[in-house]
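First the structure, in the form of structure tokens, and then the observations on it.
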2 protein chains.
Amino acid sequence: MRSDARDNRAKIVAAAIDIIEQQGTMASLNEIAKRAGIGPGTLYRHFPTRDELLAEVLVAWVARVEAAADATVITSKSDLVDWLDRLALVSNEYRGLAASIAAVADDADSPLQSAHSATLRANDRVFAQGRAIGLFEGPVDAGTVGRLVTGVAMVTEQAALSAEQTRAMLEVVLDGLLVRAASSVQS
Amino acid sequence: MRSDARDNRAKIVAAAIDIIEQQGTMASLNEIAKRAGIGPGTLYRHFPTRDELLAEVLVAWVARVEAAADATVITSKSDLVDWLDRLALVSNEYRGLAASIAAVADDADSPLQSAHSATLRANDRVFAQGRAIGLFEGPVDAGTVGRLVTGVAMVTEQAALSAEQTRAMLEVVLDGLLVRAASSVQS
DNA sequence: ACCTGAACACCGTTCAAGT
DNA sequence: ACCTGAACACCGTTCAAGT
């Protein structure tokens, strides 16, 4: 890789982080190119699809999601709600992010796959803690949980819901999960 | 209203129904105008915003939602899941519909408000049946239910989920609602 | 090998000019 | 009073021409 190419690539990613932070995952690629000080063709040369660029922008995000899961200690049911809440929040860290990741759920070859599977794994680990301390016993389908949280994140963004409205949904979701997994703790 | 104006309005709505059925709520307005055989300016004269046009397209849809609620008889918990399933399906009748309606949730003056409140009322009536036959006793927040179903509908579309995956989410949601409303029926 | 930027076919939206 | 359709500022995307 030539040094000017390497420089340009870095400039594109920096500009993308900047602009996607402000405008969301659907931000104009031409605008990102302009902000990076390069021609649109150069952006396409380095990132033939929007998702490839987005994947690069999300590298730090994925790390943060995994760190959040690692830092989470579950000692009660409300800790699990807190976790789901945090996950929904993080899924909306950039506008359109939840939708961008959801759109890729069944495409194993997508450059965004690591972002998608990172949230699944994070969820899995946290729920494993819940099981370990006896909050429930039966199986909890990680896919269903992930999809529910994504759905909650998507409405939250689209309808500009308050934190309380979002949490109310997640409490319902968690209660549903716990009943179905034969929770030993009620209410 | 002049007769040519009335004709044009009807042609626009017919074209909009056609094209929105195929392409979803975000279909190109210029394309709708072209299909209607009129200039784009004429479309904007009759429908200054996309939502005003969409509201017209949804008149029949709203009637169908209310008819569906009227035709629904709840005799068991699984009937309620069936209802939620039906509501999610109907929310995705046009691509982008769930999102279009959600975006308008807190705007009482939106032309789409009748579409939004129709789903809320429909839900309310069906859940009232559930309460009447003793499936639960406590209050169920219609807003929370509506948002959850919308969220489920949105992920379903975005991630191209199967009917089974969607239903799995709705079963969790309903169980959560019932626990929180002090259900007298378990599993 | 890589970059530029004009060009293409589209958007939504407006508005002078027509009838 | 209503309609037309060219025009504007934008998209995403491509590709000849440059270095």
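The basis for the numbers below is simple: all heavy atoms, side chains too, and nothing from hydrogens, waters or symmetry mates. Note on naming: letters A, B, ... go to the chains in the order of the sequence lines (proteins, then strands), and numbering restarts at 1 for each one.
The side chain of E31(A) sits closest to dC11(D) out of dC11(D), dG12(C), dC2(C). Of the listed nucleotides (dC3(C), dT14(C), dC2(D)), dC3(C) has the atom at the smallest distance from the side chain of R45(A). Counting only heavy atoms from C-beta on, L29(B) has its side chain closest to dT13(C) among dC2(D), dT13(C), dT13(D). If you check dC11(C), dC3(D), dC2(C) against the side chain of S28(B), the one that comes closest is dC11(C).
The shortest heavy-atom contact between Q113(B) and A105(B) is NE2-O, 4.2 Å.
No side-chain donor-acceptor contact under 3.5 Å links D107(A) and S110(A).
Residue A33(B) is out of contact with every strand shown, counting any heavy-atom pair closer than 4.0 Å. Across all strands shown, T42(B) has heavy atoms under 4.0 Å from base atoms, whether or not it also approaches the sugar-phosphate. Residue contacts for D4(A): at a heavy-atom cut-off of 4.0 Å it reaches the sugar-phosphate backbone alone, with no base atom in range.
A straight line from CG of D7(B) to C1' of dA1(D) spans 15 Å, rounded to a whole angstrom. Residue K34(A) contributes atom NZ, which lies 14 Å from atom C1' of dA6(C) at whole-angstrom precision. Atom CZ in R9(A) sits roughly 16 Å away from atom C1' in dA1(C) (whole-Å rounding). Counting to the nearest Å, the P atom of dC11(C) and the CG atom of N30(A) are 17 Å from each other. dG12(D) atom C1' lies 12 Å from atom CE of M26(A), rounded to whole Å. Atom CG of L53(B) is separated from atom C1' of dG12(C) by 14 Å (rounded to the nearest Å). Residue K11(B) contributes atom NZ, which lies 13 Å from atom C1' of dC2(D) at whole-angstrom precision. Separating the CG atom of L43(A) from the C1' atom of dT13(D) is a distance of 11 Å, rounded to the nearest angstrom.
With a 3.5 Å ceiling on both atom-pair distances, the Watson-Crick or G-U wobble partner of dG5(C) is dC15(D). Look at dC10(C): it lacks any Watson-Crick or wobble partner with both distances under 3.5 angstrom.
More than 12 heavy-atom neighbours from other residues, nucleotides or ligands sit within 6.0 angstrom of CZ on R125(A).
A side-chain donor-acceptor contact under 3.5 Å links Q165(A) to the backbone of S162(A).
Look at H46(A) and you won't find any side-chain N or O under 4.0 angstrom from OP1 or OP2 of dC2(C). One finds a side-chain N or O of N8(A) lying less than 4.0 angstrom from the OP1 or OP2 phosphate oxygen of dC3(C).
A salt bridge links R121(A) with E66(A): the closest approach of a Lys/Arg side-chain nitrogen to an acidic carboxylate oxygen falls below 4.0 angstrom. With respect to R35(A) and E31(A), no salt bridge is recorded, no charged nitrogen being found less than 4.0 Å from a carboxylate O.
Heavy-atom distances to DNA chain D give each of G39(B) and R2(B) a nearest nucleotide, and the one nearer the 5′ end belongs to R2(B). Both P40(B) and R50(A) lie close to DNA chain D; mapped to their nearest nucleotides by heavy-atom distance, the more 5′-ward contact belongs to P40(B).
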